[in-house]
Amino acid sequence: MNIADLDTPSVVVDLDVLERNVRHMAERAGETGVRLRPHAKTHKIPEVARLQLAAGARGISLAKTGEAEVFAAAGFDDVFLAYPVVGAEKARRLLALSDRVRLAVGTDGVEGASSLGGVFHPAGRRLDVLLKVDCGYHRVGVSPESAVEVARRIADLPGISVRGVFTHAGHAYLATTREEVDAIARQEGEILAATAQVLRGAGLPVEEVSVGSTPTARGAMAVEGVTECRPGNYVYHDASQVSLGTCGIGDCAMTVLATVVSVPATDRAVLDCGSKTLSSDALRPRPSGHGWILGRKSRIDKLTEEHGVVRVEAGESFRVGEKVRILPNHACVVSNLHDRIVVARGDRVEGEWAVAARGKVR
Ligand SMILES: Cc1ncc(COP(=O)(O)O)c(C=O)c1O
């Protein structure tokens with residue numbers, strides 16, 4: 001079957017591009033001696049994670065307990081939840097998982113860690129945690145200055161072992177030049193490696209020093225002292241990565257196939273993909289439209305739930321029934337909106353994969 005024969009909207013992943021992206025990131029990690037622990041929240045698909053492990057990744061990262069349950073059931077036995085997991089309810093699920101999975105979770109405070117230790121300790125078990133350090137994103141994480149004090153208190157908690165430190169330079173997505181991205185990447189690695197040294201100096205064991213995002217992976221992995229990297233988006237890439245200069249359009253594995261369902265005016269065409277297909281996530285670093293229509297200058301400038309409204313550029317036209325391919329702004333969110341993706345090589349459809357952990361946000 002040819003891609004053009006698919007019903008729409010369909011999310012299509014080109015396996016040749018995906019495999020190349022997986023291989024390139026594994027090679028970069030190999031060159032620096034850093035362990036790759038890809039963030040599988042991007043794809044939520046065990047088949048993709050198996051390709052990442054086969055290329056040399058050591059374990060996977062996830063964000064949510066429900067995602068970990070899906071991947072554990074699919075046979076994955078080394079998982080880091082790179083997220084501040086909190087509460088006895090989730091701790092009980094983690095305890096059950098820890099029977100068959102080498103597990104660690106993120107934390108950035110004593111209250112959260114203690115809510116997990118309070119379940120592990122009475123069961124005679126310990127849960128590994130990595131302390132989240134804020135390297136400038138200002139989302140979650142302790143400041144580098146307060147890391148020793150917080151790590152000490154967490155290490156004293158019953159039922160908890162501190163395995164290391166981690167960070168995520170999400171602010172790289174707002175950088176408007178490649179130089180700025182590179183500077184953030186260096187800072188990400190240097191701040192975390194320096195924090196790890198201070199912790200070790202204070203007598204705290206720090207085995208793992210874990211950085212990672214797709215735009216900063218290469219720069220942060222090059223920093224001495226970094227042991228692990230957790231890029232996620234690189235398997236697919238998207239319009240935001242192209243805008244940031246992380247990759248070219250030819251490195252983007254995921255596109256959305258859509259049909260023109262209406263041409264109500266010469267300067268307006270409507271596609272059968274809205275926010276429930278493409279997500280409402282903005283293009284980064286500068287918001288502009290809702291995905292790129294490949295081979296066209298016209299942009300999707302408005303989305304409602306089921307409609308993608310294209311402002312048709314002078315000299316271009318669309319006809320009802322025509323199919324187009326869209327490079328989404330943010331591939332990770334698109335994954336979570338679809339039960340299945342179509343896998344293809346070039347224009348040839350090879351099959352479908354279930355997005356097994358889609359919707360697992362708890
Ligand atoms: C904590 C954490 N680690 C790693 C990643 C992976 O980053 P990216 O999607 O840029 O590859 C993310 C992405 O949101 C994250 O939040």
Side-chain angles (χ1 to χ4, degrees), residues 18 21-22 24-26 28-29 34-45 48-49 52 57-65 67-68 79-86 104-108 112 129-142 164-175 180-182 184-185 188-189 191-192 208-221 226-247 251-254 279 281-285 328-336 357 361:
L18 173 109
N21 292 343
V22 165
H24 282 174
M25 189 60 84
R28 276 179 212 164
V34 166
R35 285 186 292 275
L36 196 59
R37 184 184 281 279
H39 209 314
K41 56 110 195 183
T42 294
H43 51 76
K44 292 174 173 265
I45 298 175
V48 176
Q52 292 172 307
R58 308 267 288 275
I60 56 170
S61 303
L62 291 163
K64 295 305 183 110
T65 306
E67 293 174 332
V79 173
F80 170 41
L81 288 186
Y83 190 85
V85 183
V86 168
V105 307
T107 186
D108 70 351
V129 298
L130 276 75
L131 179 66
K132 180 92 180 240
V133 176
D134 183 3
C135 68
Y137 187 23
H138 305 324
R139 185 173 63 178
V140 293
V142 298
V165 287
F166 79 114
T167 195
H168 171 64
H171 50 310
Y173 280 97
L174 300 178
E180 228 183 301
V181 174
D182 291 342
I184 291 172
E188 178 186 12
I191 289 174
L192 197 67
E208 210 68 89
V209 181
S210 175
V211 296
S213 77
T214 293
T216 63
R218 182 194 286 263
M221 282 194 287
V226 167
T227 63
E228 177 180 275
C229 189
R230 314 178 313 279
N233 183 274
Y234 75 98
V235 283
Y236 292 154
H237 292 126
D238 51 29
S240 292
Q241 299 295 351
V242 178
S243 296
L244 283 161
T246 312
C247 66
D251 302 312
C252 294
M254 174 195 279
S279 91
D281 272 27
L283 183 73
R284 293 173 289 175
N329 283 346
H330 190 183
C332 310
V333 196
V334 174
S335 290
N336 196 49
V361 294

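Keep in mind it's a predicted model, so treat the numbers as computed, not measured. Order of appearance sets the numbers: ligands from 1, and atoms from 1 within every ligand.
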Output yes when the distance from some N or O of ligand 1 to some N or O of [X] is under 3.5 Å, and no in every other case.
X	result
S213	no
A82	no
K41	yes

Tell me: protein heavy atom nearest atom 6 (C) of ligand 1, and distance?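 Ranked first by proximity to atom 6 (C) of ligand 1 is R230 O, 3.4 Å.
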Give the atoms of ligand 1, by number and element, whose distance to some non-hydrogen atom of [X] is under 4.0 Å.
X	value
P215	10 (O)
P231	11 (O)
G212	3 (N), 4 (C), 5 (C)
N233	8 (P), 9 (O), 11 (O)
G232	6 (C), 8 (P), 11 (O)

Output yes when a side-chain donor or acceptor of S243 lies under 3.5 Å from a complementary backbone atom of A239, and no otherwise. yes
Give a yes or no answer on whether the side chain of H237 reaches the backbone of D251 with a donor-acceptor pair at less than 3.5 Å. yes
For atom 7 (O) of ligand 1, state which one of K132, R37, H237, H168 supplies the nearest heavy atom. H168
Test side-chain hydrogen bond (donor to acceptor under 3.5 Å, both in side chains) on T167 and E188; report intermediate values, then the result. CA-CA 7 Å; T167 195; E188 178 186 12; 5.6 Å; no
How does Y173 reach ligand 1, by side chain, by backbone, by both or by neither, if only non-hydrogen atoms under 4.0 Å count? side chain
Using heavy atoms and a threshold below 4.0 Å, how should the contact between H39 and ligand 1 be classified: side chain, backbone, both, or neither?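 H39 to ligand 1: side-chain contact only, backbone stays beyond 4.0 Å.
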If you take all heavy atoms of G112 and T107, which pair is closest and at what distance? C-OG1, 4.4 Å
Which heavy atom in A172 sits nearest to a heavy atom in L244, and how many Å separate them? O-CD2, 3.5 Å
Has R139 got any heavy atom lying under 4.0 angstrom from an atom of ligand 1?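 Under 4.0 Å: yes for R139.
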Report yes or no: does a heavy atom of A63 sit under 4.0 Å from some atom of ligand 1? no
Can you tell if the side chain of C229 reaches within under 4.5 Å of the side chain of R35, non-hydrogen atoms only?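 The answer is no, as the side chains (C-beta and beyond) never meet within the 4.5 Å cut-off.
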Ring geometry between H168 and Y137 (parallel below 30°, tilted from 30 to 60°, perpendicular above 60°): perpendicular
Pair E228 + R58, salt bridge at N-O below 4.0 Å: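 Judged by the 4.0 Å cut-off on N to carboxylate O distance, E228 and R58 do not form a salt bridge.
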Quick one: does NZ or CZ of R284 land under 6.0 Å from the six-membered ring centre of Y173, within 45 degrees of the ring axis? yes
